[in-house]
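What follows is a set of notes on a single structure, which appears directly below.
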Amino acid sequence: MAAFKEIKKRINSIKSTRKTTSAMKMVSSAKLHKAESMISNMLPYAESLHRIMEALLADNHTKRQPADNVYSGALNRERPLRNIAIVVFSSDSSLCGAFNSNVSRKLRNVVDNYRKSLADENIFVYTVGKKVYDAIRKTIAIAKNFENLAGKPDYNVIADLADLLITRFESREIDRVEMIYHHFKSAGSQSLVNEQLLPVAFPAREAREKRDYVEYIFEPSREDTLKALIPKSIKSKLYAALLDSNASEHAARMIAMQTATDNADDLIDELTVEYNKSRQQAITNELLDIAGGSSM
């Protein structure tokens with residue numbers, strides 16, 4: 001009888017857990033739908049902005065432009081690496097599978113690689129999300145943590161961070177800025193990306209050669225246009241990375257909760273079969289005892 005109660009107790013406990021995981025899956029699904037909507041609304045603007053900037057920089061690399069119309073700003077200028085800033089995106093909460101552990105592992109690998117040539121005080125890490133901050137704060141110095149930004153993306157906050165990075169890059173306090181985040185492809189596919197944000201890379205030679213050039217008349221000048229356009233592009237890329245990470249988090253949590261729910265269903269089925277077998281065996285034993293007693 002005690003065994004029956006124990007199995008029944010386990011079944012009820014797993015059913016209760018299953019209700020929780022099922023509810024969390026539906027919540028994550030709703031949040032993912034909202035995050036996908038935010039990405040789809042923002043992506044056309046970001047892509048158009050980047051395409052225009054890339055076109056102007058591609059023209060900048062040709063001989064078609066006169067010397068006084070060539071952009072020579074600091075944001076696209078490569079220089080020897082003495083200081084680096086890394087912006088890493090994770091989540092503020094758990095129960096999303098290996099989402100946060102993969103980010104932390106990637107950050108440690110990147111930092112360890114830079115430690116071969118740079119001192120710790122020359123590596124500045126900006127964390128977006130409580131989980132990666134908690135995971136690495138004892139081994140890697142954190143320049144600043146944005147704890148409430150991962151769950152509630154805010155363009156103004158990310159724009160302030162971009163302005164800070166741009167200012168530090170222009171003043172030569174940092175020589176490169178990289179981002180580590182999950183790129184959202186679909187609900188079932190998210191890839192971990194390590195991408196350079198600063199200095200802004202010129203388009204590849206192949207892309208420049210394939211491009212059909214058009215003569216533009218600029219008012220103001222090409223240089224003034226790029227001075228205004230490049231910071232906006234950097235802000236949009238940083239914000240896009242935040243939205244990508246946010247959508248990837250909800251997708252990872254939805255999949256993790258679906259897996260947990262499926263595992264709970266399987267375990268409930270196994271325990272139910274075990275309970276029925278034990279109950280049937282107990283009834284059979286009681287019948288045998290009664291039959292044996294009556295024959296005596």
Side-chain angles (χ1 to χ4, degrees), residues 1-39 88-108 127-139 145-153 180-192 242-286:
M1 186 64 67
F4 297 158
K5 290 183 178 180
E6 183 64 29
I7 295 174
K8 192 67 174 178
K9 184 178 179 181
R10 286 187 64 192
I11 291 175
N12 291 335
S13 176
I14 295 170
K15 284 182 177 180
S16 177
T17 302
R18 185 195 178 283
K19 289 180 181 178
T20 302
T21 57
S22 180
M24 290 184 67
K25 179 214 167 186
M26 289 187 288
V27 170
S28 296
S29 178
K31 289 183 176 180
L32 174 59
H33 181 73
K34 181 180 178 181
E36 285 183 294
S37 177
M38 291 177 68
I39 291 176
V88 57
F89 296 84
S90 71
S91 70
D92 286 330
S93 54
S94 55
L95 297 178
C96 46
F99 178 83
N100 292 307
S101 59
N102 288 340
V103 171
S104 301
R105 188 182 305 111
K106 181 66 174 180
L107 175 62
R108 290 192 184 96
T127 55
V128 178
K130 182 176 183 293
K131 289 303 176 179
V132 68
Y133 172 76
D134 290 341
I136 57 98
R137 63 178 177 175
K138 293 182 179 179
T139 56
N145 177 51
F146 299 86
E147 185 171 322
N148 297 318
L149 189 59
K152 298 178 180 179
I180 298 176
Y181 66 98
H182 277 91
H183 172 57
F184 178 80
K185 295 181 179 179
S186 65
S189 176
Q190 306 88 41
S191 59
L192 191 57
L242 175 62
L243 295 182
D244 259 346
S245 179
N246 178 256
S248 297
E249 173 198 344
H250 295 314
R253 182 173 290 109
M254 184 181 71
I255 293 173
M257 291 301 99
Q258 180 61 57
T259 302
T261 301
D262 293 341
N263 290 340
D265 288 335
D266 293 340
L267 193 53
I268 289 172
D269 290 342
E270 292 177 6
L271 289 173
T272 300
V273 170
E274 182 181 349
Y275 176 81
N276 291 335
K277 285 183 178 180
S278 299
R279 184 169 178 273
Q280 185 62 46
Q281 184 63 44
I283 293 173
T284 301
N285 291 337
E286 289 181 2

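Treat the numbers as computed from the prediction; the structure is a model and nothing was measured. These values consider heavy atoms only, across backbone and side chains, with no hydrogens, waters or symmetry-generated copies.
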Looking at CG of Leu243 and OH of Tyr181, how far apart are the two atoms once the value is rounded to the nearest 0.5 Å? 11.0 Å
Kindly compute the distance separating CD1 (Ile180) from CG (Leu107), expressed to the nearest 0.5 Å. 5.0 Å
Contact summary for Val132 and Ser104, nearest pair of heavy atoms: CG2-OG, 3.8 Å
Minimum heavy-atom distance between Ser94 and Arg253, given as atom pair plus value: O-NH2, 2.8 Å
Any pair counted as side chain to side chain donor-acceptor pair (under 3.5 Å), so long as it reaches residues 9-20, sequence neighbours left out: Arg18-Asp265
Separation between CG of Asn145 and OG1 of Thr127, rounded to the nearest 0.5 Å: 3.5 Å
Using 0.5 Å steps for rounding, measure from the CD atom of Glu147 to the NZ atom of Lys131. 10.0 Å
Let me confirm one number: the CZ-OG distance from Phe184 to Ser191, rounded to the nearest 0.5 Å. 11.0 Å
Starting at CG of Leu267, measure out to CD of Glu274 and round the result to the nearest 0.5 Å. 9.5 Å
Heavy-atom pair with the smallest gap, counting every atom of Ser90 and Val103: CB-CG1, 4.4 Å
For the residue pair Phe99 and His182, categorise the inter-ring angle as parallel (less than 30°), tilted (30 to 60°) or perpendicular (more than 60°). parallel
Qualifying residues under side-chain contact (heavy atoms from CB on, under 4.5 Å), relative to Ala150, sequence neighbours excluded: Asp92, Val128
Answer with yes or no whether the side chains of Asp262 and Gln258 bring together a donor and an acceptor at under 3.5 Å. yes
Given 3.5 Å as the limit, does a donor-acceptor pair link the side chain of Ser91 with the main chain of Ser93, or not? yes
Looking at Ser37 and His33, would you say the former's side chain and the latter's main chain have a donor-acceptor pair under 3.5 Å? no
Could I get the full list of ring pair (Phe, Tyr, Trp, His ring centres under 6.0 Å) partners for His250, not counting sequence neighbours? none
Hey, does the side chain of Ser101 reach the backbone of Ala98 with a donor-acceptor pair shorter than 3.5 angstrom? yes
Using a 3.5 Å distance criterion without hydrogens, assess whether the side chain of Ser29 forms a donor-acceptor pair with backbone atoms of Lys25. no
Mind listing the closest non-hydrogen atom pair of Gln190 and Ala251 along with its distance? NE2-CB, 3.4 Å
Of all the heavy-atom pairs spanning Ala256 and Gly97, show the shortest one and how long it is. CB-N, 3.8 Å
Please report the shortest heavy-atom distance between Leu32 and Ala247, naming the atom on each side. CD1-O, 3.4 Å
Under 3.5 Å, side chain of Asn246 to main-chain N/O of Leu242, donor-acceptor pair present? no
